[in-house]
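Fair warning: this is a prediction, and the values are worked out from it, not measured in the lab. Chain identifiers are assigned alphabetically (A, B, ...) following the order of the sequence lines, protein sequences preceding nucleic acid strands; residue numbering begins at 1 within each chain.
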Amino acid sequence: MSTQPKPSNPLKAVRGTRDLLPPETALWNRIEQTARQVFSRYGFGEIRTPIFEATELFARGVGEETDIVSKEMYSWEDRARAQSEKAQSLTLRPENTAGVVRAYIEHKLGETGDLQKLYYIGPQFRRERPQRGRYRQFWQIGVEVLGPVSSGSESPVRDAEVLEMLATLLDELGVKNWRLELNSVGSTEDRKRYDAALRAALAPVKAQMCEDNQRRAETNPLRVLDSKEPADQEIINALPKIADFLDDSSREHFAAVRAALDACGVPYTVNPRLVRGLDYYTRTTFEFTVPSSSDPASGLGTQNALLGGGRYDGLSEMLGGPKAPGIGFAIGEDRLVLTLQAQAEAAAKAADESSAGAPGLASQTWVQIPKLDAYIAPMGAERNAAALALARELRRAGLSVEVGDGTFRLKKSFEAADKVARHIVILGEDELATNTATVKTFATGEQVKVARGQLGELLRAKG
RNA sequence: GCGGGAUUGGCCGAGAGGCUUAGGCGCGUGUCUGUGGCACACGAAACAGGAGUUCAAUUCUCCUAUCCCGCCCCA
């Protein structure tokens, strides 16, 4: 029974991380490109913050008691720079809002008086049990809108604008069947009063609930609202509602957000049980979901939340900065990819029920990878140099070109060419002697011999 | 962190305590020295890792790893 100490395999991506390869990366690029385009139409600029920060930032910003901070962070003691200094605890960012707000404070962006509209795209790190749609290194596309009160950062217009933008982005990406769930958790004080009321209401009925909920009732009563335990639903539904604990300003704010969404025609559902895990959320909280496990058109299992976000009016001050109300969200890019792939797959299956062809490119990318304009086939190794020179010419003219190898037999060149390109350009003895090239078009089978100078133009004309 | 399922070539996917680990896709070579896509022939390539039971293990058991499902939680 000699069990070996685990042989960590250096030739394997570590648990919870993965490589993204072509052609799948084309899908990622398309998503990111679409997001950038949409964001810029709303006046957002990109921010890039470090991938690691002082541990303290997350402890204070995200909340000491959250799961993220208490058990999911990748932290380490950095080496002290000098004898006199002590090592600093650093952490791979588990989310990006704290970093953005830190940058806002550090660069005194509040002093400009302007409303800051920022977006980021990048990897985040949490040490959780990997699952479908949950990785230890995962990607988020996020947005933060914040600024001094005088910039209008507190306005419900900002909430509604962000939500409307998300609806537009998901539509432009082609995400089907998304749902917006919306709630208000009120101000910090509202939440405090609600928490007390919940505890009071739970005290007499707690014992009838499942183990998890009994524990939550003690540690974090808000989380009881999240419970999916069927047996406890009756009790949960009878619990006090956060809506009844909102002060006037929170109530008006929420009503204004909904009115603006209605005016824009963005559909949503108010979900009074939507509470989010991070400490800094105030007032508006929201989630966009897609149909989950039971529906094959979701690529996600129980992780049916595509993105989440909310308002964080007190975060800057929690971190020691000026008052800077804000609202933001983070899209789980990995989940977005999974969803789009699953929906593309489902659509393809529905489109041709009959052909039981192998799951093609659609399942991986749903993005069409265009074929190259030309494949240059040199005849004989001594034509290789000339082929590369020709490729350079064409590429500089903006055409996409692959170059074969003169040692390939013509048959092999044709096979290789047909796979990646629309045309094959044959470069043999004749062609070089007469300064021409032979071009064959795969789609039509037609073949012509043209002067070198006209080759680019011809390829462009044939498309 | 807890519970359950899975792991066979590059990919998909059969299989049984001992006989040669099917088949398909893909790949390579040839028929075929400048006109391919087809066809035919041939070829390379796998039982996740470790221990145990057994005359014999890829098959049974255990451990480890990884993925998937659920819980927790979140994107």
Side-chain angles (χ1 to χ4, degrees), chain A residues 1-9 12-18 21 62 66-72 94-97 122-142 210-213 215-216 219-220 223 226-229 275-278 287-290 292-293 300-309 328-339 356-360 363-364 375 377-380 383 404 406-419 421 424 426-431 438-440 442-443 445-447 449:
Chain A
M1 267 318 224
S2 67
T3 31
Q4 310 248 312
K6 64 187 65 171
S8 74
N9 189 343
K12 222 176 162 313
V14 308
R15 178 170 217 191
T17 71
R18 59 205 179 127
L21 307 171
V62 178
T66 60
D67 279 9
I68 292 177
V69 172
S70 65
K71 55 187 195 200
E72 296 173 359
E95 57 99 59
N96 219 331
T97 300
Q124 318 291 337
F125 305 85
R126 291 182 201 171
R127 200 179 181 294
E128 293 180 276
R129 174 87 160 211
Q131 238 180 77
R132 185 174 201 77
R134 168 182 294 166
Y135 307 97
R136 290 182 171 183
Q137 174 175 340
F138 60 101
W139 292 73
Q140 286 188 332
I141 300 175
C210 71
E211 228 175 279
D212 272 338
N213 280 331
R215 181 179 44 76
R216 287 159 159 166
T219 59
N220 193 350
R223 297 239 68 93
D226 263 351
S227 171
K228 290 156 210 136
E229 175 61 45
V275 290
R276 301 188 49 76
L278 279 45
E287 234 167 55
F288 279 72
T289 60
V290 287
S292 69
S293 40
L300 309 174
T302 38
Q303 270 65 250
N304 68 339
L306 262 189
L307 67 96
F329 62 79
I331 302 171
E333 192 174 1
D334 306 75
R335 294 183 182 181
L336 194 51
V337 168
L338 250 18
T339 299
S363 67
Q364 290 176 51
Y375 180 101
M379 302 299 299
R383 248 72 73 178
T407 61
F408 290 174
R409 263 203 286 167
L410 191 60
K411 165 178 169 151
K412 181 166 167 165
S413 290
F414 265 98
E415 285 170 353
D418 196 15
K419 247 189 259 185
I424 183 169
I426 298 166
L427 208 56
E429 203 176 354
D430 299 352
E431 286 85 357
T438 298
V439 180
K440 184 159 184 174
F442 286 115
E446 74 179 302
Q447 178 169 324
K449 200 170 208 180

Interface polar pairs with nucleotides 1-4 of chain B, N/O, under 3.5 angstrom:
from : atom 1 : to       : atom 2 : distance (Å)
B:G3 : O6     : A:Arg129 : NH2    : 3.2

Using a cutoff of under 3.5 Å, can you pull out all pairs of nitrogen or oxygen atoms linking the protein to nucleotides 5-10 of chain B, with atom names and distances?
none

Pairwise N/O distances under 3.5 Å, protein to nucleotides 29-32 of chain B:
from  : atom 1 : to       : atom 2 : distance (Å)
B:G30 : OP2    : A:Arg409 : NH2    : 2.3
B:G30 : O5'    : A:Arg409 : NH2    : 3.3
B:U31 : OP2    : A:Arg409 : NH1    : 3.4
B:U31 : O4     : A:Lys411 : NZ     : 3.4
B:C32 : O2'    : A:Arg409 : NH1    : 2.3

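Helical stems involving RNA chain B, defined as 3 or more consecutive Watson-Crick or G-U pairs under 3.5 Å, span B:1-7 with B:65-71, B:10-12 with B:23-25, B:27-31 with B:39-43, B:48-52 with B:60-64.
Under the salt bridge (charged side-chain N to carboxylate O under 4.0 Å, His left out) criterion, A:Glu128 pairs with A:Arg134, not counting sequence neighbours. In this structure, A:Glu95 has no salt bridge (charged side-chain N to carboxylate O under 4.0 Å, His left out) partners at least two apart in sequence or on a different chain. In terms of the side-chain contact (heavy atoms from CB on, under 4.5 Å) criterion, residue partners of A:Glu415 (sequence neighbours excluded) are, by chain and number, A:Lys411. With sequence neighbours excluded, the residues that form a side-chain hydrogen bond (donor to acceptor under 3.5 Å, both in side chains) with A:Asn96 are A:Thr49. With sequence neighbours left out, the side-chain hydrogen bond (donor to acceptor under 3.5 Å, both in side chains) criterion links A:Glu333 to no other residue. Not counting sequence neighbours, A:Ser413 has no partner by the side-chain hydrogen bond (donor to acceptor under 3.5 Å, both in side chains) test. Residues forming a ring pair (Phe, Tyr, Trp, His ring centres under 6.0 Å) with A:Phe329 (at least two apart in sequence, or on another chain): none. Evaluation of the side-chain hydrogen bond (donor to acceptor under 3.5 Å, both in side chains) rule for A:Gln140 yields no partner, not counting sequence neighbours.
The residue A:Leu410 sits close to a base: some heavy atom pair falls under 4.0 Å. In this structure, A:Gln447 reaches the bases: a heavy-atom distance under 4.0 Å links it to at least one base atom across the strands shown. Among the protein residues, A:Tyr135 comes within range of the nucleic acid bases, having at least one heavy atom under 4.0 Å from a base atom. No contact: A:Ile141 has no heavy atom under 4.0 Å from any strand. Using a 4.0 Å heavy-atom criterion, one finds that A:Gln137 contacts no nucleic acid atom at all. If you check every strand for non-hydrogen atoms under 4.0 Å, A:Phe442 touches a base.
Residue order along RNA chain B, read from the 5' end via each residue's closest nucleotide, puts A:Glu429 first among A:Glu429 and A:Ile331.
A donor and an acceptor atom, one from each side chain of A:Glu431 and A:Thr438, are located under 3.5 Å apart.
The neighbour count for A:Glu429 CD, taken as heavy atoms of other residues, nucleotides or ligands under 6.0 Å away, does not exceed 12.
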